[in-house]
Amino acid sequence: GIMVGSNGADTIGVAFEAQWITAGVIDQGRPLASTISDILAAFQWVLNPDGNINPTNDVPDVILNSWGIPKGLFAPCDATFWTVIDNVEAAGIVTVFAAGNEGPGAKTIRSPADRATNSLNSFSVGSVDNNKGVGSFASRGPSSCDTSQHKPEVVAPGVMIRSSIKGGGYGYMTGTSMSAPFIAGLVALVRQFNPDATVSQIKNAILLSCEDLGPLGDDNSYGQGLPDASRILDFIPPP
C-alpha cells in the first residue's frame with residue numbers, strides 16, 4: 001500500500017501507478033535455514049519472474065526488503081546474502097532494506113541491512129515521526145562490518161502510517177517496515193522519469209536530496225536524513 005496503493009482518488013501510495021509483485025519468503029512457519037534458502041531463491045527469481053527470458057519488462061526496478069536476520073543469529077558482517085544482492089543490482093534493480101525495530105541501542109541494524117562495504121550498500125532505511133524525530137524503536141548504526149560507516153543511509157516516515165492491511169480495509173502501523181516502502185516508491189518514480197538511471201545514480205540522488213536531521217551531517221540515527229522527493233530529479237541525468 002505505501003509503495004503503490006490507491007483507492008480511486010485516495011492515493012495512499014508513493015508510486016500509485018506502478019505495478020507490484022511479491023515473493024512470500026518470510027513468516028511462513030519454516031525453519032531459519034529454509035527461510036534463508038527461500039530468500040536466496042527469491043533474489044534469483046526476480047531476474048526472470050515470468051519464466052520467459054525474452055521480455056524484460058517483468059524484471060522489477062526496485063526490491064523492498066522488509067526482513068532481516070536479528071543480531072546473534074549470524075556472525076557480525078555475515079556475507080550470506082551479499083552475492084545475490086550484488087547480482088540483482090548489477091542487473092539494474094535497486095535494493096532497499098528496512099533497518100529493523102530493535103533500537104535505540106547502537107549497532108542494532110539487522111543483517112544484511114547493516115552491510116557497509118561501500119557507501120551505497122546495503123541501502124537501509126530508518127524511521128522518523130511526524131515531527132521528524134527518530135523513532136525510539138528504529139535500529140541504529142554503526143555497521144558491524146565497519147564501525148566507521150554510519151547506518152542507516154536515510155530515514156522516512158514510520159510512525160502511525162496509514163496503509164492497506166491484510167484482510168481488506170485500511171489501518172495504521174508503525175515500524176521501519178513502514179518507512180522503507182516510501183523509499184522504494186521514490187525509486188519507482190525516478191525510473192519513471194529515467195528508465196535508464198543506474199542503481200548508483202538513484203541511490204546517490206536520494207542521498208543528495210536529503211534534509212539533514214539530528215546531529216550535523218551523516219549519523220547513526222538519521223543517516224543522511226530525510227529524502228526530499230521534489231529535489232531528487234535534480235541529481236538524476238535526463239532520460
Side-chain angles (χ1 to χ4, degrees), residues 25-27 31-40 42-43 62-90 93-128 133-156 158 174-184 199-200 202-204 206-207 210 212-227:
V25 297
I26 61 170
D27 299 332
L32 178 61
S34 299
T35 297
I36 291 170
S37 178
D38 289 345
I39 291 169
L40 295 173
F43 273 100
V62 57
I63 300 172
L64 169 70
N65 296 274
S66 183
W67 60 271
I69 306 299
K71 294 294 181 182
L73 295 181
F74 279 5
C77 206
D78 180 86
T80 297
F81 303 103
W82 291 8
T83 297
V84 290
I85 294 169
D86 290 345
N87 286 348
V88 297
E89 293 208 321
I93 306 171
V94 179
T95 307
V96 175
F97 282 88
N101 303 322
E102 283 77 42
K107 295 174 66 175
T108 49
I109 293 181
R110 291 188 171 200
S111 174
D114 71 339
R115 179 188 182 189
T117 49
N118 65 47
S119 60
L120 295 179
N121 65 38
S122 297
F123 204 84
S124 57
V125 184
S127 288
V128 290
V134 66
S136 61
F137 56 86
S139 295
R140 311 295 211 275
S143 168
S144 64
C145 298
D146 178 354
T147 55
S148 70
Q149 294 289 326
H150 294 138
K151 283 281 177 176
E153 272 65 35
V154 297
V155 291
T174 293
T176 59
S177 290
M178 312 306 119
S179 305
F182 280 101
I183 304 304
V199 171
S200 294
I202 294 172
K203 288 182 177 180
N204 274 313
I206 292 171
L207 294 174
C210 283
D212 187 26
L213 299 175
L216 183 64
D218 193 11
D219 64 78
N220 285 310
S221 295
Y222 296 90
Q224 295 281 3
L226 181 66

Taking every non-hydrogen atom, the tightest pair across S148 and D146: OG-OD1, 2.7 Å

D114 side chain reached by S111 side chain, heavy atoms, under 4.5 Å: yes

Working for side-chain contact (heavy atoms from CB on, under 4.5 Å), residues V199 and L120: CA-CA 9 Å; V199 171; L120 295 179; over 6 Å; no

Under 3.5 Å: donor-acceptor pair, side chain of K151, backbone of A113: yes

Under 3.5 Å donor-acceptor, E89 side chain and T95 backbone: yes

A138 backbone acceptor or donor facing N101 side chain under 3.5 Å: no

Exam field: side chain N118 to backbone N121, donor-acceptor pair closer than 3.5 Å: yes

Verdict with supporting geometry, V155 and L213, side-chain contact (heavy atoms from CB on, under 4.5 Å): CA-CA 9 Å; V155 291; L213 299 175; 4.3 Å; yes

Which residues share a salt bridge (charged side-chain N to carboxylate O under 4.0 Å, His left out) with D86, sequence neighbours left out: R115

Within-4.5 Å side-chain heavy-atom neighbours: I63 and V88: yes

Contact check, side chains of C77 and W82, non-hydrogen atoms, under 4.5 Å: yes

Under 3.5 Å: donor-acceptor pair, side chain of K71, backbone of I109: yes

Minimum heavy-atom distance G158-S179, with the two atoms named: CA-OG, 3.2 Å

Closest contact, heavy atoms only, A184 versus L64: CB-CB, 4.2 Å

Note, N87 side chain near F43 side chain (heavy atom, < 4.5 Å): no

Contacts of Q149 that satisfy side-chain hydrogen bond (donor to acceptor under 3.5 Å, both in side chains) - sequence neighbours left out: none

Non-hydrogen atoms of L226 and A156 that approach each other most closely: CD1-CA, 3.8 Å

Separation between OG of S139 and CG of N220, rounded to the nearest 0.5 Å: 12.0 Å

Polar side-chain atom of T176 near backbone of A98 as donor-acceptor pair, under 3.5 Å: no

Side chain proximity check, I206 to E153, heavy atoms < 4.5 angstrom: no

Side-chain touch I69/L32, heavy atoms, less than 4.5 angstrom: yes

T108 side chain to R140 side chain, donor-acceptor N/O pair below 3.5 angstrom: no

Closest contact, heavy atoms only, P152 versus S124: CA-OG, 3.3 Å

Non-hydrogen side-chain atoms of K107 and P76 separated by less than 4.5 Å: no

Nearest-0.5 Å distance that lies between atom OG1 in T80 and atom CZ in F74: 4.0 Å

From Q224 atom CD to N204 atom CG, the distance as rounded to the nearest 0.5 Å: 9.5 Å

Exam field: side chain Y222 to backbone V134, donor-acceptor pair closer than 3.5 Å: yes

Donor-acceptor contact below 3.5 Å, side chain S122 vs main chain P112: yes

Positive for ring-ring contact (aromatic ring centres under 6.0 Å, His included) with F97, one of F81, W67, F123: W67

